[in-house]
Amino acid sequence: MKEFDQAKIEQAVTMILEAIGEDPSREGLVDTPKRVAKMYQEVFQGLNQDPKEHFATIFGEDHEELVLVKDIPFYSMCEHHLVPFFGKAHIGYIPKGGKVTGLSKLARAVEAVTRRPQLQERITSTVADSLVETLNPHGVIVVVEAEHMCMTMRGVKKPGSKTVTSAVRGVFVDDAAARAEVLTFIRS
Ligand SMILES: Nc1nc2c(ncn2[C@@H]2O[C@H](COP(=O)(O)OP(=O)(O)OP(=O)(O)O)[C@@H](O)[C@H]2O)c(=O)[nH]1
Ligand SMILES: [Zn+2]
């Protein structure tokens, strides 16, 4: 378990408020450092989780065809600016050897990976590799689509722009028809 230092975050937030010329002791701000620390504990709680631990729930089921959970909503924090990026993750895999995991575990793995300072590419590949390492399936495909607040409310200011990343493993690498089938389901 990595240490979460609530007092240190409170100090840091107080310093940021002072540095922008605010008065941290005024009524509206007096509890803000505490609130922000509590919020960071929640939005960064994935730092204490390994996505693979969720795939320990394995059912023996003889299904060697596609399993796809799509439209899993997520919120993460861009590691460059510490502002949110958010969107949907779609996870498909083809089980092998009768090893399937609980459907909710796919969404739990997304939570574990997104609730940290992150990059969209790393979220995508970490989820794919975690499935490969635990279930050893025939193939995995992960698609993540997100809007990055660092590109909308600041900087280049392009609201509505979306970033799509994908990670394919196993049979999906060479099988364009299998990839296309998944993309059709994702869009439907
Ligand atoms: N590849 C990748 N880049 C990201 C992600 N989130 C944010 N970024 C980018 O990280 C880059 C950081 O660029 P820098 O030039 O170091 O920082 P900056 O001056 O704040 O950049 P601007 O956003 O262009 O103003 C920006 O281009 C962001 O759009 C992500 O998940 N993946
Ligand atoms: Zn950013």
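In listed order, ligands and their atoms are each counted from 1.
In the displayed structure, Met39 atom CE is contacted under 6.0 Å by more than 12 heavy atoms of other residues, nucleotides or ligands. Remark: Arg108 CZ is loosely packed, at most 12 non-hydrogen atoms of other residues, nucleotides or ligands lying under 6.0 Å away. The environment of Phe59 atom CZ is dense: over 12 non-hydrogen atoms of other residues, nucleotides or ligands sit within 6.0 angstrom.
Partners of Arg154 under the side chain to side chain donor-acceptor pair (under 3.5 Å) rule, at least two apart in sequence or in another chain, are His81.
Shown are the protein N/O/S atoms under 2.8 Å from the Zn ion (ligand 2), given by residue and atom: Cys78 SG, His81 ND1, Cys150 SG.
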Solution key, residues 137-147 side-chain donor-acceptor pairs under 3.5 Å, sequence neighbours excluded:
unit_1	atom_1	unit_2	atom_2	d
His138	NE2	Glu64	OE1	2.7
Glu145	OE2	His90	NE2	2.8

N/O pairs closer than 3.5 Å, ligand 1 and protein:
unit_1	atom_1	unit_2	atom_2	d
ligand 1	1 (N)	Glu121	OE1	3.4
ligand 1	1 (N)	Glu121	OE2	2.7
ligand 1	6 (N)	His148	ND1	3.4
ligand 1	8 (N)	His80	ND1	3.4
ligand 1	10 (O)	His80	ND1	2.7
ligand 1	20 (O)	His81	NE2	2.6
ligand 1	20 (O)	Arg154	NH2	3.0
ligand 1	23 (O)	Arg154	NH1	3.1
ligand 1	25 (O)	Arg154	NH2	2.9
ligand 1	31 (O)	Gln120	N	2.7
ligand 1	32 (N)	Glu121	OE1	2.7

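Contact annotation: the side chain of Leu68 never approaches that of Ile91 to less than 4.5 Å [non-hydrogen atoms, C-beta and beyond].
No hydrogens or angles considered: a donor-acceptor pair under 3.5 Å links the side chains of His54 and Gln49.
Between Phe86 and Tyr75, the two ring planes are parallel [angle under 30°; tilted spans 30° to 60°].
No option in Gln120, Arg115, Arg122 other than Arg122 meets the side chain to side chain donor-acceptor pair (under 3.5 Å) test with Gln118.
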